[in-house]
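Heavy-atom basis, side chains included; hydrogens, waters and symmetry copies ignored. Heads up: numbering here begins at 1 and tracks the sequence.
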Amino acid sequence: MKTEDKKAAIAAYKERKAVIGIYAVRCPASGKIWIGQSTSLDTIQNRLWFTLRLGNHPCRELQLAWNNRTSDDFMFEELERMDDEDLAYVRQARLKERVAHWRSSLGGLAI
């Protein structure tokens, strides 16, 4: 890859629009669902799977379920995308409200 191409790729990456939203991790075999929020919805699954494979995910119940099953037993699902809000506190309040809605409606656990 040429230096100009690398610079263009890096610039495009830095300028990309963040995808904000709510997601679920489902384990159909156990019937459990974990629901979380992210300001980088497009990359969160990779991050989750990585920490789970390493065995150091902060959600103990999800980590225990992962340890007792195979990665094929889990599914990642994007539940809702949200518009990017300029004000961080408004964005966080909206995310908190929507994640509570999804946890309540699906009976999901917090990640």
Side-chain angles (χ1 to χ4, degrees):
M1 184 180 247
K2 294 181 181 179
T3 303
E4 298 84 29
D5 294 339
K6 285 182 184 178
K7 287 181 182 179
I10 291 170
Y13 177 79
K14 288 180 179 180
E15 292 175 11
R16 80 187 195 294
K17 193 100 163 139
V19 180
I20 300 166
I22 312 299
Y23 64 90
V25 175
R26 294 179 186 264
C27 179
S30 69
K32 295 209 176 193
I33 180 171
W34 294 266
I35 299 173
Q37 64 191 37
S38 179
T39 55
S40 57
L41 200 56
D42 53 338
T43 61
I44 190 68
Q45 180 184 5
N46 192 36
R47 192 174 335 144
L48 287 169
W49 268 222
F50 180 76
T51 58
L52 288 165
R53 279 193 309 271
L54 288 178
N56 63 359
H57 192 277
C59 178
R60 290 187 180 272
E61 189 171 348
L62 176 57
Q63 185 66 62
L64 184 61
W66 181 275
N67 294 345
N68 291 328
R69 301 197 176 275
T70 68
S71 61
D72 293 336
D73 291 327
F74 292 85
M75 300 174 3
F76 179 86
E77 180 182 357
E78 185 179 300
L79 297 175
E80 179 177 354
R81 284 183 178 217
M82 300 172 60
D83 292 332
D84 189 12
E85 175 62 48
D86 289 335
L87 301 173
Y89 73 91
V90 174
R91 179 178 53 239
Q92 290 299 351
R94 181 94 171 109
L95 271 171
K96 186 176 178 179
E97 171 191 312
R98 296 306 299 158
V99 81
H101 162 78
W102 283 106
R103 285 180 186 150
S104 174
S105 66
L106 296 177
L109 305 167
I111 291 184

- [ ] Treat each ILVMFWY residue as a node, draw an edge where side-chain heavy atoms are under 4.5 Å apart, and state whether Met75 and Leu64 are in one component.
- [x] no

Task: Option passing side-chain contact (heavy atoms from CB on, under 4.5 Å) with Arg94 (candidates Glu97, Lys96, Arg91) - done: Glu97

TODO: Looking only at non-hydrogen atoms, find the nearest pair between Cys59 and Ala110 and report the distance.
DONE: SG-O, 3.6 Å

Task: Phe76 backbone acceptor or donor facing Gln45 side chain under 3.5 Å - done: no

- [ ] Would you give the length of the straight line joining atom CD1 of Ile35 to atom CD1 of Ile22, rounded to the nearest 0.5 angstrom?
- [x] 9.0 Å

Task: Nearest atoms (heavy-atom pairs only) where Gly21 meets Leu41 - done: CA-CD2, 3.9 Å

- [ ] Go through the structure and list residues passing side-chain hydrogen bond (donor to acceptor under 3.5 Å, both in side chains) with Arg26, not counting sequence neighbours.
- [x] Glu77

- [ ] Please report the shortest heavy-atom distance between Thr51 and Gln63, naming the atom on each side.
- [x] O-OE1, 3.7 Å

Task: Nearest heavy-atom neighbours spanning Trp102 and Leu79 - done: CZ2-O, 3.8 Å

- [ ] May I ask you to check whether Ser30 and Arg69 show a side-chain donor-acceptor distance below 3.5 Å?
- [x] no

- [ ] Name all residues meeting the side-chain contact (heavy atoms from CB on, under 4.5 Å) criterion together with Ser104; count only those two or more places apart in sequence or in a different chain, and write none if there are none.
- [x] none

Open item on the list: Is there a side-chain contact between Ser40 and Arg47 in this structure, where contact means two heavy atoms from C-beta onward sitting under 4.5 Å apart?
Closed with: yes

Task: Ile44-Leu62 co-clustered via ILVMFWY side chain contacts under 4.5 Å - done: yes

Task: Beyond-backbone contact of Leu109 with Ile33, side-chain heavy atoms, under 4.5 angstrom - done: no

Task: Euclidean distance, Asp42 CG relative to Thr39 OG1, rounded to 0.5 Å - done: 9.5 Å

TODO: Could you tell me whether the side chain of Val19 reaches within less than 4.5 Å of the side chain of Arg81, counting heavy atoms only?
DONE: yes

Open item on the list: I'd like to know whether CG of Asn46 has more than 12 heavy-atom contacts from other residues, nucleotides or ligands below 6.0 angstrom.
Closed with: no

TODO: Taking all heavy atoms of Arg103 and all of Ile111, pick out the closest pair and write down the distance.
DONE: NH2-N, 3.8 Å

Open item on the list: Nearest 0.5 Å, please: how far is CG in Leu54 from CG in Asn56?
Closed with: 5.0 Å

Task: Minimum heavy-atom distance between Tyr23 and Ser38, given as atom pair plus value - done: CE2-CB, 4.1 Å

Open item on the list: Could you work out, with side-chain contact (heavy atoms from CB on, under 4.5 Å) as the rule, every residue matching Arg53, not counting sequence neighbours?
Closed with: Trp49, Phe50, Trp66

Task: Working for side-chain contact (heavy atoms from CB on, under 4.5 Å), residues His101 and Arg98 - done: CA-CA 5 Å; His101 162 78; Arg98 296 306 299 158; 3.3 Å; yes

